[in-house]
Each structure stands twice: as structure tokens, then as C-alpha cells.
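Okay, so here's the structure we're looking at.
Counting from 1, the numbers follow the sequence of the chain as shown.
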Amino acid sequence: GNTFVHYFNGEIADDYGFTNLVFKHRRVSDGKQGEFESFKVPISKNYKKEQFFHYLDMSELNLSPGEALEYHFVVWDNDGLNGPKSSRSLTRIYKAPTINELANKADKSNQDIKDKLSENLEEAQKLQEELKEIQKTLLEKPKADWQDKNRLEEFLKKQKSLENKINQMKQENNKKNHEQNEYEKLSEDILEKQQQLNELFEQLMTDEMKEMYKELQKMLEELNKDQLLNKMDEIELSQEQMEKELDRSLEQFKQMEFDSKLEKVTSRLDELAEKQKDLSKDTENKERSNFELNKEQEKLNEEFENVQDEMKELEELNEGLEKKKNMLDTKEEQKKISEEMAESMENIEQKKNKKASEKQDQAADDMEELSQMLKNMKSKDKEQKEGENMDSLRQLLENLIQFSFEQEEVMDELKGLNSKDPQYVKLGQRQRKLEDDAQLLEDSLFALSKRVTQLGPHINKQVAAMNKNIENAVKHIAERQTP
């Protein structure tokens with residue numbers, strides 16, 4: 001369900017009946033209360049007792065992280081003699097999650113999704129092995145029997161269970177994105193990556209694959225060995241693709257998690273620098289008591305400690321990537337900011353407001369500088385990776401073209417060649433070499449597709465199908481079966 005929509009229902013009763021029922025709410029942020037807004041709730045004025053219903057969509061209010069909403073109902077009776085009297089319900093409070101709560105929740109959700117992707121990948125690999133084992137057993141028999149039927153039925157049950165788990169993971173990811181987008185302003189880059197990942201998740205279990213499983217299920221009625229083996233061959237190729245796409249989804253999810261965390265860190269540093277500058281002005285002008293200024297500075301110190309924790313998490317996330325980012329060591333910069341903030345507190349306690357303000361200004365400048373360093377690191381890394389990916393793609397295309405020429409040569413030379421000709425053996429060796437080259441092409445393309453979302457699953461699928469055909473060609477040459 002939608003976690004942002006709150007439903008209310010209640011009962012009102014009065015001997016005089018009613019004239020009006022309203023729902024009132026106001027925003028509360030940092031102890032400051034806004035004005036109440038009123039919304040009329042429809043009721044009938046002819047009854048002395050009535051049930052009422054109302055709902056509020058919190059997402060429409062655009063509450064900031066940590067902001068609260070106070071709300072209650074007010075009802076007026078229909079006392080024509082003394083005038084309508086009002087009665088109010090208890091005031092309740094809805095509190096939007098703080099930045100830290102949002103970060104912790106996002107981290108937990110991300111970890112859950114990564115765990116599920118890993119589990120699903122492991123399950124897909126087991127199913128692939130199981131299918132190969134069933135094929136091997138069936139090949140050694142003259143015909144399929146009830147044991148093969150039982151094993152294939154068990155395989156299809158596990159396959160259905162995996163499909164359900166993948167669907168559940170997709171729903172969790174959509175929910176996480178919805179909640180994250182509600183309270184945080186994400187960049188176009190992160191929103192685009194979220195969308196690309198959603199599309200990748202959608203393609204994990206295609207309609208084509210589901211249809212293959214249905215067809216295999218139907219074939220279990222007749223137990224025709226050749227038909228079963230042909231269908232299992234098709235499914236095996238699809239299973240391999242699903243494994244690869246799960247592996248690819250996991251790596252791209254990790255990359256998006258890193259990018260999203262880095263964006264949050266720079267954003268929080270910018271916001272914190274702004275708050276620190278505002279406090280510096282208040283400290284210098286003695287706008288508030290030194291006790292209040294000290295409390296506010298303490299709060300900012302805690303916020304910076306939270307940012308430092310997120311930066312440590314960023315390093316850990318980078319360690320989990322297959323192709324790591326070129327991370328900067330910012331420990332000295334962080335230490336300097338912490339010391340400046342601590343010194344400003346000491347100066348406030350000693351009533352040295354001018355000195356405290358200077359330290360606060362310095363800390364704010366250093367935060368902005370640290371944020372810019374991280375942004376530059378991201379831009380430089382992105383530029384470098386895009387260059388490397390483009391070079392890899394160019395090399396792959398050149399190798400693919402060269403491969404296709406060589407494959408065409410072998411095919412042309414095989415045409416009409418007598419299987420007893422000595423040249424036949426040499427061509428068979430060349431074909432085996434091409435099989436190795438094709439596998440290398442497939443592996444290189446898959447490694448690149450884990451870094452580049454735009455390389456859709458259909459490209460990996462086509463190359464995998466090509467390799468399957470080459471594998472079959474090698475078998476036919478070995479058996480001297482060529483046209």
C-alpha cells in the first residue's frame with residue numbers, strides 16, 4: 001500500500017445534530033509552528049449520530065526531512081438556541097523521517113535488495129546445474145520415464161519460486177525508490193539510473209522464458225525424449241542469460257548505490273556549509289545567547305560526524321565494486337573541519353564570539369571545498385570510465401568484424417569439401433579456435449555490459465546464441481557432418 005496516504009474514520013454524536021466538521025493541520029519545523037489550514041469534511045446535518053471518513057496524502061504536502069505535521073478534527077453542534085458549540089479531537093503528530101533516518105532506511109533497503117539479487121543468482125545457478133544433470137541423464141536413456149517427469153516437475157516448481165522471488169525484489173525496489181524520491185531531491189543522473197535498473201529488473205524474467213516453461217510443462221504429458229531435449233536446450237540458453245542478467249543487475253545496483261551515496265554526501269556538505277555560515281553571522285552579531293549558539297554548533301558538529309560516517313560507508317561500497325572508483329583520501333580535510341568546529345565551540349564558551357565566528361566561516365569554506373573535491377572526483381572518474389568503455393567497445397567491434405570474416409572463410413572452405421579430405425581436419429582446428437575467440441568476445445561484452453547500462457540484454461543474448469551455434473558447428477565438424 002501507499003505509506004504516504006493516511007486514512008481517518010470516526011463517529012460524531014450530539015442531541016442537536018451538527019453544522020460543520022473540519023480537519024485542521026499545521027506544519028512544525030525546528031520548534032516553529034505554521035498557520036493552521038482547514039478542510040471541510042462532508043457530513044449530513046440531519047442525523048444526531050454519524051460516521052465520517054477522511055484521508056490525507058502526505059506526499060502532496062512536500063514535507064522536508066524531520067518536519068512535523070500537527071492535525072486534529074473540530075466539530076460544531078446545531079444548538080439553535082445558544083449557538084453552535086465546538087468540540088475538538090486529540091491532536092496527533094506525523095513526523096517526516098530525518099535525513100539520518102532516511103539514509104539508514106535506504107542503506108537497509110539497498111542491502112536487502114543486494115542480498116536478494118545474490119540469493120536469486122545463486123538459485124539460478126543451481127537450477128542451471130540441475131537442468132544440465134537432467135539432460136545428461138535423459139541422453140543416456142532410450143526414452144523418458146516417470147523419474148524424468150518428476151525431476152522436471154520439481155525443476156519447474158523451483159523455477160516458479162525463483163520467478164516469485166524476482167517479482168518480490170522488483171516490488172521492494174520500486175517501494176524504496178518511491179520513498180526515497182518523496183523526501184530527497186535526486187539528480188537527473190540518479191533518477192535515470194533508477195529507471196534503467198527498473199528496466200533491467202523487468203527483463204530478468206521475460207514473457208518468452210515463461211512461455212518456454214509452459215511448453216515444457218505441457219510436454220511432460222507425452223514424455224517425448226527428443227522434444228524434451230530440444231526444449232531443455234532452449235531453456236538452458238535462457239537460464240544462462242537470466243544468470244548473466246542477475247549478475248549484471250547486482251553490479252549495476254552496486255554502482256547506483258555508490259553514485260547515490262556520493263551525491264548525498266556532497267549535498268549534505270553543501271547544506272551543512274550553508275547552516276555553518278548562517279550560524280557564523282549570528283555568532284558575530286550576537287543575535288542569540290551564547291548558550292543557544294553553543295547548542296546549535298553542537299548540533300552541526302553531530303551532523304558533520306554523520307557525514308563522515310557516510311564517507312566511510314562510501315569507501316566500503318567502493319570496495320564492493322568489481323571496477324573500483326578512483327577515491328580521494330580526504331581524511332586530512334575532514335580532520336581540519338572537525339577541529340575548526342570544535343574550536344568554535346570552545347570560543348563560544350569563552351565568549352570570544354569574533355574568533356568563534358572566524359572558525360565557523362573557515363569550517364564552512366572547507367566543507368564547500370571538500371564537497372567540490374568530491375564532485376570533481378566524480379566528474380573525472382566518469383570521464384575516464386566513459387573513455388575506457390568507448391575504447392573497449394571499439395576494440396570489441398573490431399574483434400567481432402575480424403571474427404566474422406574468419407568464420408565466413410571457414411564456412412566457404414567447408415562447402416562441398418569431402419569429409420575425408422586432410423584439409424577438413426585443419427578447418428576443424430580453425431573452427432575450434434574460432435569457438436574460443438567467440439567465447440572471449442562474449443565474456444568481454446558481458447564485462448562491458450555490467451558497467452554500461454545502455455548495452456541491453458538483447459545484445460548479450462544474440463552473442464550467446466551465436467556461440468551456441470558455433471558450439472553445434474564444432475560438434476558437426478567433429479562428427480564429419482557438414483553440408
Side-chain angles (χ1 to χ4, degrees), residues 113 116-175 196-250 252-253 442 446 449 455-472 475:
I113 292 166
K116 282 188 169 62
L117 274 165
S118 296
E119 285 164 20
N120 291 341
L121 176 58
E122 201 177 314
E123 185 68 24
Q125 286 165 344
K126 281 181 189 171
L127 282 172
Q128 178 76 336
E129 289 306 311
E130 210 169 301
L131 188 67
K132 282 179 181 173
E133 196 55 45
I134 297 169
Q135 280 176 297
K136 188 183 168 191
T137 309
L138 188 53
L139 274 166
E140 292 166 358
K141 292 180 175 181
K143 61 178 185 175
D145 57 27
W146 62 272
Q147 286 178 314
D148 302 306
K149 184 179 179 181
N150 286 349
R151 287 182 77 183
L152 282 168
E153 278 176 346
E154 192 58 34
F155 167 82
L156 287 168
K157 268 186 205 169
K158 287 177 184 174
Q159 187 60 49
K160 188 67 184 169
S161 169
L162 177 60
E163 186 186 332
N164 292 337
K165 284 176 188 173
I166 287 171
N167 286 333
Q168 189 187 350
M169 180 197 69
K170 286 194 293 193
Q171 285 166 11
E172 279 185 34
N173 186 55
N174 288 335
K175 186 185 173 188
Q196 286 169 342
L197 258 173
N198 285 346
E199 287 168 12
L200 206 54
F201 284 178
E202 285 301 323
Q203 291 162 343
L204 286 172
M205 186 71 73
T206 62
D207 289 341
E208 186 188 351
M209 285 171 75
K210 290 175 195 172
E211 193 55 41
M212 280 185 207
Y213 301 132
K214 278 183 192 171
E215 286 167 6
L216 181 62
Q217 184 73 57
K218 283 178 193 169
M219 286 178 183
L220 294 182
E221 299 306 313
E222 294 178 22
L223 284 181
N224 180 302
K225 178 184 167 179
D226 291 338
Q227 284 181 355
L228 284 172
L229 285 170
N230 286 338
K231 188 52 66 180
M232 279 192 270
D233 257 352
E234 285 178 41
I235 288 174
E236 188 188 348
L237 192 60
S238 292
Q239 288 282 124
E240 279 175 20
Q241 277 309 109
M242 182 168 65
E243 265 182 57
K244 284 189 169 184
E245 291 309 310
L246 278 164
D247 191 8
R248 185 174 170 225
S249 297
L250 178 58
Q252 295 210 352
F253 187 88
E442 184 181 353
F446 177 59
S449 74
L455 287 173
H458 56 283
I459 298 174
N460 281 322
K461 186 181 172 183
Q462 290 300 324
V463 175
M466 175 189 82
N467 276 359
K468 190 75 179 170
N469 289 332
I470 291 169
E471 189 186 316
N472 289 335
K475 278 182 195 167

Does the side chain of Met242 come within less than 4.5 Å of Leu162's, by heavy atoms? yes

Using a 6.0 Å cut-off, check whether atom NZ of Lys160 has over 12 heavy atoms from anything other than its own residue. no

Just so I know, are the side chains of Lys165 and Ser161 near enough to count as touching, which here means a heavy-atom distance under 4.5 Å? yes

What is the ring orientation for Phe155 with Tyr213, classed by angle as parallel under 30°, tilted 30 to 60°, or perpendicular over 60°? perpendicular

Please check if the side chain of Glu202 supplies one atom and the backbone of Lys170 the other of a donor-acceptor pair under 3.5 Å. no

Taking only residues two or more places apart in sequence, or in another chain, which ones meet Asp145 in a side chain to side chain donor-acceptor pair (under 3.5 Å)? Lys141

Considering only heavy atoms from C-beta outward, does the side chain of Gln135 approach that of Asp233 to under 4.5 Å? yes

Hey, could you give me the CZ/CG distance between Phe253 and Leu200, rounded to the nearest 0.5 Å? 12.0 Å

With side chains defined as the heavy atoms from C-beta onward, is the minimum distance between Leu223 and Lys143 less than 4.5 Å? no

Would you say that Glu154 contacts Asn150 through its side chain, given a criterion of any heavy-atom pair below 4.5 Å between the two side chains? no

Roughly how far apart are Asn198 CG and Asn173 CG, rounded to 0.5 Å? 5.5 Å

How far does CG of Leu156 sit from CD of Gln217, to the nearest 0.5 angstrom? 5.0 Å

Can you name the residues that form a side chain to side chain donor-acceptor pair (under 3.5 Å) with Asn230, not counting sequence neighbours? none

Salt bridge or not between Glu215 and Lys218? Use side-chain N to carboxylate O under 4.0 Å. no

Where Ala144 and Lys225 come nearest, the two heavy atoms and their spacing: N-CB, 4.1 Å

Taking the side chain as everything from C-beta on, heavy atoms only, tell me whether Gln239 gets closer than 4.5 Å to Lys132. no

Taken to the nearest 0.5 Å, the spacing of Ser249 OG from Met169 CE works out to 6.5 Å

Less than 3.5 Å apart, which donor and acceptor atoms pair up between the side chains of residues 120-131 and the rest of the protein, not counting sequence neighbours?
from: Asn120; atom 1: ND2; to: Lys116; atom 2: O; distance (Å): 3.2
from: Gln128; atom 1: NE2; to: Glu236; atom 2: O; distance (Å): 3.4
from: Gln128; atom 1: NE2; to: Glu240; atom 2: OE2; distance (Å): 3.4
from: Glu130; atom 1: OE1; to: Lys158; atom 2: NZ; distance (Å): 3.1
from: Glu130; atom 1: OE2; to: Lys158; atom 2: NZ; distance (Å): 3.4

Taking the side chain as everything from C-beta on, heavy atoms only, tell me whether Leu216 gets closer than 4.5 Å to Leu152. yes

Given side chains that start at C-beta, do those of Leu229 and Met232 come closer than 4.5 Å, heavy atoms only? yes

